[in-house]
Each structure stands twice: as C-alpha cells, then as structure tokens.
Undergrad: 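First the structure, which I've put down as structure tokens, then a few questions once you've had a look.
Lettering follows sequence order; numbering is per chain, from 1.
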Protein chains: 2
Amino acid sequence: MSISEDDAVLPPGLSAGDFSKALRAFTSAVGEDAVLTAEQSAEFRDPYSFPGWDSHWPSAVVQPSSVEEVQAVVAVARQFKIPLWTTSMGKNNAYGGPAPRVRGSVVVSMRRLNRVLQVNEDLAYAVVEPGVSFFDLCAELGRRGSSLWASIPDLGWGSVVGNTLDHGVGYLPGGNHADSMCGMEVVLASGEVLRTGMGAMAGNRAWHAHRRGFGPSVDSLFMQSNFGIVTKMGKWLTPRPEVYAPVEVRARHESDLEALIDTVRPLLLDGTVTNVPLLGALTGAASMRKPRAQWHDGPGPLPPEFYEAARAELGLGFWNLRLALYGPDAVVDVQLARVREAFERGVPGAEIVARKLDGADVNEQTLTTHPERVQAGIPGLLLLDSLQWWGGIGGHLDFSPVGPLQGHHARRLVNLIRPVVEQAGLDFWPGTIMTPRSFFMVSPLLYDTTNEAQVKAAYDVYRRLVRLIGEAGYGLYRGHIDFMDDIAAQYDWGDHAMLRLYGTLKRALDPDGILSPGKQGIWPAEPDPAQPG
Amino acid sequence: MSISEDDAVLPPGLSAGDFSKALRAFTSAVGEDAVLTAEQSAEFRDPYSFPGWDSHWPSAVVQPSSVEEVQAVVAVARQFKIPLWTTSMGKNNAYGGPAPRVRGSVVVSMRRLNRVLQVNEDLAYAVVEPGVSFFDLCAELGRRGSSLWASIPDLGWGSVVGNTLDHGVGYLPGGNHADSMCGMEVVLASGEVLRTGMGAMAGNRAWHAHRRGFGPSVDSLFMQSNFGIVTKMGKWLTPRPEVYAPVEVRARHESDLEALIDTVRPLLLDGTVTNVPLLGALTGAASMRKPRAQWHDGPGPLPPEFYEAARAELGLGFWNLRLALYGPDAVVDVQLARVREAFERGVPGAEIVARKLDGADVNEQTLTTHPERVQAGIPGLLLLDSLQWWGGIGGHLDFSPVGPLQGHHARRLVNLIRPVVEQAGLDFWPGTIMTPRSFFMVSPLLYDTTNEAQVKAAYDVYRRLVRLIGEAGYGLYRGHIDFMDDIAAQYDWGDHAMLRLYGTLKRALDPDGILSPGKQGIWPAEPDPAQPG
C-alpha cells in the first residue's frame, strides 16, 4: 500500500511517507478490507463533477464498522493531523456526493454502520445507524410488519442520518427531518462519545421519545457541521393513516406561481395539510420523459412551443403542486373539499386531481407515480431519469435558496434566477418545497458532465447566483462543496458574527481541525486574539 | 450607593469597595433608576423560599432597556469578574423565580426590554423581547385585531422568551415552545451580538419564518444555558380556528392512569389531537377550591374520604385529562367522535365532557374555566389559587421528570414518587403534560413558606427524588436552582460526557465565567488539560 510520489493525492502538508504510515494505522484501526487508497476511491469523488477536475478527490477512504472503529479512525487522524471527511451513504450528489471539501482528505464512509437498531411501534420511532438508507429503513419496516411510515426524500438511496444531518427534507408529516430526529450518539474529535438529549443519562427511557435533556440541546450543533461524527440517531415515524389522499394541482400559467403559494400557505398554517408540499415545474417533469433534444432541438432558452408541447404530452400545468392528506376517511373528505375549494377560488383554472386509498392498500402496485409514492413513504430512484436531459452523462448542482412562504418572495427569486440560468445556456425548473412559513426553492442546474464547458457554465452561474440572491436577502439552506465558502460569506450580519461563533466552537471542539474542514464554510484556524474565547 | 461591609450581599470574591465601583459602572451603563442595590432587591429573591434562607440572594439588580445596555452590562461584569444572572420576567417561581443560583450574583432583569417588535399576520408569527409577558403578547394581538392565537402556559405573567428558553410548555398547537420559536438575537459574553438562523444574514427575509440557516443551528445552545443573553425571539402563532372544542375526560379511579395515557397517545400520534394535553389530578383541583384544612383536618396522607368528598363536590374524576380540538366544524365533529369513542373504549366509565365554540366567539366571557381558556390562548393567574393549600404564605417546588408516553412509565413514576412525598407529610398531584411521544410529570410540592420545617421537608424530598428517579431511568426537564447540580449529575452517560461538553462550550463562549454560573449545573472552570479544547 505504498504511495508513489508523482500522481498521489495526499492530505495537505503530509509527505507520501507519512501518509503511508497513516494508512497502516488506519488499516490497524478498521481492517485491510475497510481501507481504500486514492486509486481505489473513484466512487468517492463527486459523481456530478467534470471527471478531470481533481480539487475534491480523497486521498483514501476508511470504512469503520463500529463506534469503536470510528473512535480509532479519529485517533489516527489526530495523530497524523489528517483531515477526515465524513459521509454516510455519500448520495448527496447534487451537493458533491461523498467528495470532501478539501482535496486529499480521508473520507470516512459510514456505510458499514448499517443497522436499524430499534423500531418502537408504540412510540412510532426507529433508531438507525448512518449506513441505513431510506430503502433499508422502509424494507426493515416492511419485514417487521410495522404499521409505521417513514418520511422519505425524492431519492431512496441516501442515508436517513445523512439526509437529516444536512437539513434534508421529505414529504410526509415530519418531513422537515431535522425536526423529527430525536436523540443522537456522536463521536467527538477528542475521541469521546456523547449521547444527546435524554440519552445523556445512562439507562434513560426517553432517549428517542423526548427531544431535550437538562441543559442546552446540542443535537443541531452536529447538523451541517464539522463538530462531530454522528453514529446513531432516532427518527420519528408516522402511523399508517386510515386513508391516504395524494392531491395534485396543475396550474396552466407561469403567472400562477404567486397564487399557488398564497393559497397553500393557510392550508399549512391551519393544519389542513400536514405534509410537505412540493411545487414542481413542467420542465422537470419533461426531463423525466425524454432528453431535451427530443423536446426542442437547439440551444437557447426553451421556447413557448416547448411548454405547449410538454403540457399537452404530459397533461400537466406549468406549475404542478403536490400534497397529500392523511387521516380518517371522514376527515380526509372534509379536508379534500377545503383544498379543492381553496385552489378553485385561489388559482382559477387550475386542475385539481385527487385520489383516495385505504392506508392498508398503499403499496408499489397501487401507487404508480412518483408523487403518489414519495408522499406515502415508498422510496424510489425515478427522479434520476432527469439526468438524461442534456445527453452524455448527466449531472447537476442544486441551487437552493430559502424564502418566506409568500407568493411575492417566490416570484422575486424566480425573476432573479431564471435569466441568469438561461443566459448561461442552462434550464431552470425549481422544485419549491414548503413548510408552513417558508420554502426551499431547490433549483437543479442540469448539465452533461462530459461537457466541460457546460459544467463550468453551471458552476459559474451557481457562484454568481449565491451573491445575487444574498444581496436580495435570501440565503441557501444547503450547498455544493465547491461553494460552501461563498454561501457562508452571505451570512454576514454583525460582521459575520455567526461565522465567528462557528470558529470559536470549532476551535473548542476540534482543536486539531481534523473533522471535515471547510464544511459549510467552517474552517479550523489559529486562535485569533480578536475573537471571543 | 455605598455598601456597608457587615450585612452586605456581595459577588463572590469581590470586596465591598470594588463592588461599589462596579455598581457605579453599572449605573453609568443603564442609568440610576435601573440599578437596585441588594437591599432594594427583595423582589428578586426566590418568592417560594423560606424567607430567612439567603443562599440565592442577589447583590444587585440591573435593568437594561436596550440591547446596547445589555452589552454594556456584560462589559462591566467582565471588567469586575462579577457573575450575572439573567431573568426575563422572573416569574419562573416554582424553579426559583428571578433568584440567582449563586448568592451575590447581579441579576440582569430584562423586564424593560418589553416590546412586541412585530406581528406577521400572513406568516403567523410575532417577534418579542424578553420583557414581553404572555399577557402582554395576547393584549397586543387583541389591540391589533389579529386573528392569531398564542400558545400560553398556565400562568400568564411569565415571559414568552423566558418560558421558551427554559423549555417551557403551553397548551395550543405549537405548545412545545422551544419547537415553535424561530430566530433569536443573543448578546454573547464577549459583548458581541449574534443573530441566529436566517438572521445571520443581514437583511434576510426569512429570519422568523425558517428555523435553520447555513451551518449548524445554535438557537438551542441558548436555552437552559448560560452561554448568552437572548434579546429577541420569533414566536410562531396559530391561526384562530373556525371551531374550538375543549374536551375533558374525567376518570374515576386512580388505576385509570395507564389507560388514559395509552388511549391519548395514538390520538396524538395520528394528528387527531394537535395541542398539548394535560392530565391533572383531583387534589390539584381541590387545592384551587379551598385550603387543605377545610377538606381534611389533620396531618398524614389524604384519606379515601377526602377523595370521595372532593370528587362529589368538584364533579371531577381522580384523573382529569384536558385536550382541545381546533379546525373546521365538520373536521372537529369527526375528531370529537373519535376522541369519545377512544376513551369510551379505552377508559370504561370515564365521563367525557366537550363543548364546541365558533373560534370568533372565544373570549373571557364565553370561556369561564381555566382549562377552556388556557387551551384557547387566554392567559390568566387562576392556578395561583392553589397556593392557599397549607395556609400561611403558599409556595411550591416543581418536580418534573420526563418519561415516554406510555401508561406503564407514568405508573412507575407515580409509584416511586407518591410514597416519598407523602411520607414527608406533603401531598402529591402530578400534572402530566403530553407530547406525542413523551410526558412531563410536573409535580408541585406545595408548602407554607413561613413554616421552615415544611419548606425543608419539600427540599429534602426533592433532592432524594432526583436521585431516585434518575436511578430508575428518568430525568428532569427543568429544575429549581437549588437542585441544578443534583439534576445535572444524573445525566451521567459516558462518565458525564454531556456535562464535560457543556464545560468545553462554556470555557469557549464565556472564558471569564460571568454569565449565570451554575445554571443547569454548568459552571465556569479552569481549563482542564484532560478535556478537549
């Protein structure tokens, strides 16, 4: 396992010789089969990057199988001052996948910690390790004959823990996943293990049932951060409803955007809609059907004829809002009538399509479309079909600003983003995910990863947009590794008071700076006498 | 404002002369009328302590009126190494009121920061300063003709911010107040000001609409902690429902406890009940009617005759569960039928009393009882009537363990706690507050504050119970200042890993240890070479 000095990817500041020693130490910690060299690590590069770009390549991958092995890996990294980059399943592809922020980091892949440790049917929660995907969790619920449903995101291959730690969202009640986690276990940079919330008490009965302990809650410190490595997490589940009713609202005109958002908000605030609605765009649906060239042959923004043709062929609106209702039959009936009435009044001309199923009849056979499945906790990979859009080998960056859930804010963002994206020769189709008071306008910037100029165009647009929407008062909720500093820089209140606080916490919790340096713009640094602490 | 050396309450380690200088500096910071000396600070002692006990007396009180004044107060404290103890309204009486953990601390009362800064009717939130009480907020909503309701706790005089920061609970949807805050402003021990979540970006539009920013969320670090002084907070509100239906389930037998809890849990998990139910005890209701001596003349546990008499006179069960439904008339009808059916089946013999009101008709005239009012956001002080229980001047400690929301856990806690309380000559009547997966068994230990032996008995019982229930696997969610170290000591997983982490964070964020030392068992300390950081 010796490294040739020429083409090696090495941790910053480490010689090939020292790195060989470190690899031997990692191998003692986790076993020979659990260490991959840089050459063996292609799977742990950014799958949606241009293949020749090497700025986020790992120097090695270690794959611990237990908490103790995670502790041992951290100890080796401390000894050799090697930056680690933790990933769970590593499927966060629109944001870099498993690839590290810093070239030459050693990726700690948690895929081998893959147990569903507990399913509590009475209290409606599961306890999972980071290597448990949404597919795995749902399969386990099925195996146990559980009547619990898990909130899942659009793609089922990602980690339940990883998604939650990155502030990810799913589409059932409890779909704001960071809000429906309860109780974690964390390995700190010191090598110590911590249990949060009620788990901070040995033998406590409520670790995964009650979100806070005695004193400040630290769970959220380990989300979108580099302050620790999470090794277990409680995830709240939702009981199978008597009736499940997926609803789709198809609005014909681009100008219906504001009305759609202002109509759904009161339904979320008053509890009529308890799941996480998503407002999709026609172009996104078109991308799942066939490549762009088969819709419109030529560069430049998609013309009106494309939209007409896609509407006709797909039977959809320019905007398509999906939501779902869950509950006793009679309650769902009343709620469905309210939803219909609200959209008929609020978005004249919109088509409202709804379906009602007995909760016990929900399965892959009875539900055939992605919106129907994903709101009922049936995971899939259908959305990957959109990667065919430009031909070649598809990839995308997700540009994901947050705004208050009001139509005029969504309009403002669309008006800011669309021209910049289209001028770069790319297409814009936001998927706007909603909470009762805010939205995430997730905008995939698709490209052909084998077309370097197009990948570069997408990267350039992303960087420009971060600043543009920051100046307009909107921040990103998550971001691709290449832009984390750009995004963090927009969070500038009080002369970047939050970033300074992150620095203070980072120095306190990880003085050697070994855990995921650069994640979310948080870097290890020398103590600065001008800083608090 | 000079201090006589004899009977002065002084900050630890400070001479009377230096403290005089500090008081002059505090006076320059906030103005003469905003500084109270120890002698003028009786209102800021623990109102439910035996009057002669002086271990939590403040050395002075400073009352800043602005964020800048809070910063100036912190600067003075740093200069003189004086411990500050922050309180909002200071009405957290069952846990010490405004009194500091450390005798001689300077109380920072936030009562003068008392503005409702914003009410956003569309997005259903308010932004408040720490001196805004629940009475104030509700009055302001009324003045503005708002159609929003605020979740409130049993007593209306407390601070919205203070209650939330102490993990307090109210009884509307969103009643787990820490989960329905969004976006704060904090003065750090360094004197710097921080805005959290989206507020970390200057001019961001979603500060109080979206709970997370880019990077780890730190809001919960400033709850139940001594890491900063919160100066603003967003509180999510709930739209006035079409129909409001308070429900009470009166269960005759003590042995109905398990069935009540196991019946309400599925209704919470499936979203039938969206507010925060409370299971009260007959004795609590009796205490609001008349003093103990008029019910039962004599010491010792309340005899069966008392329970018979109280049931008859009050028309209540041994256990009385309150909850409420909110929504369109037809939805509430279905939900009410479900609730009835569930309790008729689950708790045979229980009396179920419900009432339905048009949401627009809800006011102090139409709602006459405390349970009806408090679940509709109408604040009051009725619960103070229970202080008459033992005669003299009533006070209480609240002993508040958390358990998973399962009947057998509630039974176990009742069986552990009741004999200890009754053997000490006190009475036990838990008010069990519920989330979908957990409960807080808030157990007020009432006494006559002028009866030193009785106050001491309550303190002794509290300290014993902390350990007893800790050994059984239950932790307290909040605690009286005198027992914070005892409670924190129970959170012992990983050789007290959480308390060590708190220490690391405390040293990083407040190296001079000036902010609320001892709060929740978190103390400033010398750097320990064995610790991370």
Undergrad: Please flag which part of B:Arg338 lies under 4.5 Å from any non-hydrogen atom of chain A: side chain, backbone, both or neither.
TA: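 When you check distances to chain A, only side chain atoms of B:Arg338 fall under 4.5 Å.
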Undergrad: Going from CZ on A:Arg78 to CG on A:Leu515, what distance comes out if it is rounded to the nearest 0.5 angstrom?
TA: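 Rounded to the nearest 0.5 Å, the CZ-CG separation comes out at 9.5 Å.
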Undergrad: Quick one: list whatever passes side chain to side chain donor-acceptor pair (under 3.5 Å) with B:Lys519, sequence neighbours left out.
TA: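 By the side chain to side chain donor-acceptor pair (under 3.5 Å) rule, B:Lys519 matches B:Asp166.
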Undergrad: Give, as side chain, backbone, both or neither, the part of B:Asp179 having an atom under 4.5 angstrom from any heavy atom of chain A.
TA: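 For B:Asp179, the contact with chain A is made by backbone and side chain together.
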Undergrad: Answer with side chain, backbone, both or neither: which region of A:Leu165 has an atom nearer than 4.5 Å to a non-hydrogen atom of chain B?
TA: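 A:Leu165 has no heavy atom closer than 4.5 Å to chain B.
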Undergrad: Which pairs would a plain distance check flag for residues 193-207 of chain B, meaning a side-chain donor or acceptor within less than 3.5 Å of a matching protein atom at least two apart in sequence or in another chain?
TA:
residue	atom	partner	partner atom	Å
B:Arg195	NE	B:Glu185	OE2	2.9
B:Arg195	NH2	B:Glu185	OE2	2.9
B:Thr196	OG1	B:Met184	N	2.9
B:Thr196	OG1	B:Met184	O	3.4
B:Thr196	OG1	B:Asp219	OD2	2.6
B:Asn204	OD1	B:Ala206	N	2.7
B:Arg205	NE	A:Ala472	O	3.1
B:Arg205	NH2	A:Ala472	O	3.1
B:Trp207	NE1	B:Thr196	O	3.1

Undergrad: Could you have a look at A:Met223, A:Gln335, A:His208 and say which one has the most heavy-atom pairs with chain B under 4.5 angstrom?
TA: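 If we count pairs closer than 4.5 Å to chain B, A:Met223 comes out on top.
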Undergrad: Compute the ring centroids of B:Phe440 and B:Tyr477, then answer whether they are less than 6.0 Å apart.
TA: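 Yes: the rings meet the under 6.0 Å criterion.
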Undergrad: Please classify the contact of B:His409 with chain A as side chain, backbone, both or neither, using a heavy-atom distance under 4.5 Å.
TA: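 The side chain, not the backbone.
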Undergrad: Which region of B:Glu471, side chain (C-beta onward) or backbone (N, CA, C, O), has a non-hydrogen atom less than 4.5 Å from a non-hydrogen atom of chain A, or is it both or neither?
TA: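 When you check distances to chain A, no heavy atom of B:Glu471 falls under 4.5 Å.
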Undergrad: Give a yes or no on whether the backbone of B:Phe214 and the side-chain of A:Arg478 come within a donor-acceptor separation of less than 3.5 Å.
TA: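 It does not hold such a pair.
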Undergrad: Using a 4.5 angstrom heavy-atom cutoff, name the option from A:Asn226, A:Leu476, A:Thr274 with the most pairs to chain B.
TA: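 Heavy-atom pair counts peak at A:Leu476.
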